[in-house]
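Note sheet for the following structure.
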2 protein chains.
Amino acid sequence: MTTDTGRGRQAGNGRATLKDVAERAGVSVPTVSRVIAGNYPVATGTRRRVERALRELDYVANTHARALRGHAINAVAFILNDVRGPSFAEVAHGIEQEAARQGRLSLICTTGGHPDRELEAVRLMREQGAEAIILIGGVRDDEGYRVRMRALAESLDQAGSRLVLCGRPSLGEDVPATVVEYENEAGAYAMTSRLLGFGHRRVLFFGGDPETTTAAGRLAGYRRALADFAVEAAPELVAPAPFDRAAARAVLRERLAAGLDFTAVFAVTDAVAAGALQALTEFGLAVPEDVSLAGYDDVSPAADLRPQLTTVHVPYEELGRVAVRLALDRRNRPERGQQHALLGTHVVVRESVGPR
Amino acid sequence: MTTDTGRGRQAGNGRATLKDVAERAGVSVPTVSRVIAGNYPVATGTRRRVERALRELDYVANTHARALRGHAINAVAFILNDVRGPSFAEVAHGIEQEAARQGRLSLICTTGGHPDRELEAVRLMREQGAEAIILIGGVRDDEGYRVRMRALAESLDQAGSRLVLCGRPSLGEDVPATVVEYENEAGAYAMTSRLLGFGHRRVLFFGGDPETTTAAGRLAGYRRALADFAVEAAPELVAPAPFDRAAARAVLRERLAAGLDFTAVFAVTDAVAAGALQALTEFGLAVPEDVSLAGYDDVSPAADLRPQLTTVHVPYEELGRVAVRLALDRRNRPERGQQHALLGTHVVVRESVGPR
DNA sequence: CTGTTAGCGCTTTCAC
DNA sequence: GTGAAAGCGCTAACAG
């Protein structure tokens, strides 16, 4: 017995359109459009009738129709392994913040670390017409990867969008991508130097997959510091291990049981450091009295550990913000080629590193 | 001197459309569409020509045009305070996982805790045509909030979408929303009982804003346990404090300095527990020897603390997955009214709680 | 098998 | 000030 509301489509079946609103207000569709846009003169009485109809029908614009006309969809997309990693979460936050500040929507997609899912995600985001597609996190930097990325950068560029590499190495000056990196090599150099300065000579570089860009950069810094201090780089003192805490713990436990000798551990990641700390403690080694321990990232576990972890601070949130800012900026005044930003890292001294 | 590629629009200016592809392949637009959809017979030769053109022009479909026709955009949206909170991050991950599993895109928006930005975010997501809009996290459950949410639920329902409340209380049986809650009261009851069972009589309920649904539920469980153990509920033993760790530390330090007397602390959150642990330690109190400490959430800081934190496990990731599953499910076979799921929580025994 | 036609919801000329 | 008409890119119906 409910009276018809005058809505074109049956109640409860889809959203009201401009046409519905126009009918109800007794005006034409363009007029309603103009009232909404507010960039055109409309008689006050008409405006009021339209506004009422808008409210009564609970009108919301259809972005897709708009996007179809205007070509701009105002969204940035970001693709990462896993939101739960604290460092990823910070980058995500930075992106989200800056995107919102610039009136952009954020699309998110996680890949669980599968390169093929990354490609699939990119396709989805492209279809959505995202203004920028931001790829976050380390990768295996092989030839296949570089070829894929270069093609992607070109093709997004053609389409008026932008590929952003966040925490990944440059593809070359001529590739139309935005690259926002942070110091892996320099941070690791600084931390290793600190360890060496404390008199440590057998420093275990622990964790990570050296094929991965992140781990490789950190390892390079470690090696350079050793060289500068004229300390021999013993091969057994580079011990790869998965990035996660539990695996790191197991690997170090095994090394310890095998009698590996060292006085300091430089963990490739704070999470790896947390695992290492467990293994060390279980082995009866005190940190930093018996063994010094350093991490990299300065994310959530670092300050929770006892002792608190001395680590390298990475400005993850900033990374995300800069990524969005640069990408949108470039869209406003296009130029050929690459944009490149390199953010600094620095040692954060806490309690886990001490003299030998 | 480059030869024209045959693309309609100038090179580098926007994406290729079906029309561009059709021209290049020498066929009509619908034919290309059919090749892509693959749900219609197309002559092999034609198909090949089209496929080549598709590749050469690097064609990607325009989702907006599709959405305009088909009315389905295959995305779920979620709105939360801050991705960096570990519990939120887990929910986000659950949502993202399940959404991806069902071939859906995830839109994300953060509000920094501002109810008005939440509304703004909802509007954006509605415009996008999201199939479900998921709101995550505790709120101040006042009358204004309930009115807003009820209106929102109705209006999304009308539009063929769905409001999902995740970790928020029901709005009533008749409201067309999906509510996925977890046990706050029961978990707090269990933990408080455990503390009481250990002989503690002065248990400090610490942290949180009691106006907030989450804290209120946990506080209620605490109170019920006290009542069941016939322990007087001393008002000074309920100490609100902001949800974050640093503030919690400061507040507890102050209470301690003021001579507040208790033998156990039940922190409303693991982060609050981490802050409490700092304050306790700095005050020279050992956990659990002098004071027992319990948390709630079972997220990342919990296992990193020393002693490891005894806490209440909340299935956050599951929460997110269930939210998406229920919401999409309801869309498939619509029914009136509310969907409601209540996920259980349980005590996780670690090291921070001991006998009085 | 393939092309022509129409229309999704919106904005933007261009008339009046 | 306001309406009529055209068209964004795509797909579904209808012819051939």
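So you know, we letter chains A, B, ... as the sequences are listed, proteins then strands, and number each from 1.
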Scan for side chain to side chain donor-acceptor pair (under 3.5 Å) pairs involving residues 46-55 of chain B, sequence neighbours excluded, and state none if there are none.
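For residues 46-55 of chain B: R52(B)-E56(B).
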Any side chain to side chain donor-acceptor pair (under 3.5 Å) pairs touching residues 320-330 of chain B, not counting sequence neighbours?
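Counting only pairs at least two positions apart or across chains, the side chain to side chain donor-acceptor pair (under 3.5 Å) contacts touching residues 320-330 of chain B are E317(B)-R321(B), E318(B)-R321(B), D329(B)-R333(B).
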Distance-only donor-acceptor pairs under 3.5 Å for side chains of residues 29-39 of chain A, two or more places apart:
| from | atom 1 | to | atom 2 | distance (Å) |
| --- | --- | --- | --- | --- |
| T31(A) | OG1 | S28(A) | OG | 3.2 |

Run through L171(A), T178(A), I136(A) and flag the one making a side-chain contact (heavy atoms from CB on, under 4.5 Å) with L165(A).
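Output: one option passes, namely L171(A).
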Measure from [atom1] on [X] to [atom2] on [N] and round the result to the nearest Å.
{"X": "R47(A)", "N": "dG1(D)", "atom1": "CZ", "atom2": "P", "value": "10 Å"}
{"X": "Q128(A)", "N": "dG9(D)", "atom1": "CD", "atom2": "P", "value": "17 Å"}
{"X": "R15(B)", "N": "dC8(D)", "atom1": "CZ", "atom2": "P", "value": "15 Å"}
{"X": "N62(B)", "N": "dG9(C)", "atom1": "CG", "atom2": "P", "value": "16 Å"}
{"X": "E127(B)", "N": "dG9(C)", "atom1": "CD", "atom2": "C1'", "value": "13 Å"}
{"X": "R48(B)", "N": "dT2(C)", "atom1": "CZ", "atom2": "P", "value": "13 Å"}
{"X": "L68(B)", "N": "dC10(C)", "atom1": "CG", "atom2": "C1'", "value": "8 Å"}

Just to be sure I follow the notation: if a pair is Watson-Crick (purine N1 to pyrimidine N3 plus N6-O4 or O6-N4) or a G-U wobble (N1-O2 and O6-N3), each under 3.5 Å, what dot-bracket string does DNA chain C give, with | for pairs to another strand?
||||||||||||||||
Once base and sugar-phosphate atoms are separated, protein heavy atoms under 4.0 Å mark nucleotides 11-16 of chain C, 5' to 3', with B, S and - as BBB---
With R148(A), which residues qualify under salt bridge (charged side-chain N to carboxylate O under 4.0 Å, His left out), at least two apart?
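Expected list: none.
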OP1 or OP2 of dG3(C) versus the side-chain N and O atoms of S28(B): is any pair under 4.0 Å?
yes
Which residues satisfy the side-chain hydrogen bond (donor to acceptor under 3.5 Å, both in side chains) test with E98(B), sequence neighbours excluded?
R101(B), Q102(B)
Salt-bridge test for D157(B) and R336(B): reply yes if a basic N is under 4.0 Å from a carboxylate O, no otherwise.
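Answer for the salt bridge query: yes.
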Please tabulate, one pair per line, all N/O donor-acceptor pairs under 3.5 Å involving side-chain atoms of residues 113-124 of chain A, not counting sequence neighbours.
| from | atom 1 | to | atom 2 | distance (Å) |
| --- | --- | --- | --- | --- |
| R117(A) | NH2 | T110(A) | O | 3.0 |
| E118(A) | OE1 | R168(A) | NH2 | 2.9 |
| E118(A) | OE2 | R168(A) | NH1 | 3.2 |
| E120(A) | OE2 | R123(A) | NH2 | 3.1 |
| R123(A) | NH1 | E127(A) | OE2 | 2.5 |

Report the residue (T44(B) or A65(B)) whose heavy-atom-nearest nucleotide on DNA chain C is the more 5′ of the two.
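Closest to the 5' end, via its nearest nucleotide, is T44(B).
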Under the side chain to side chain contact (heavy atoms under 4.5 Å, CB included) test, residues paired with D142(B) that sit two or more places apart:
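Testing D142(B) for side chain to side chain contact (heavy atoms under 4.5 Å, CB included), a comparison that skips the adjacent residues, returns Y145(B).
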Checking all strands, does T31(A) fall into the base, sugar-phosphate, or nothing category for heavy-atom contacts under 4.0 angstrom?
sugar-phosphate
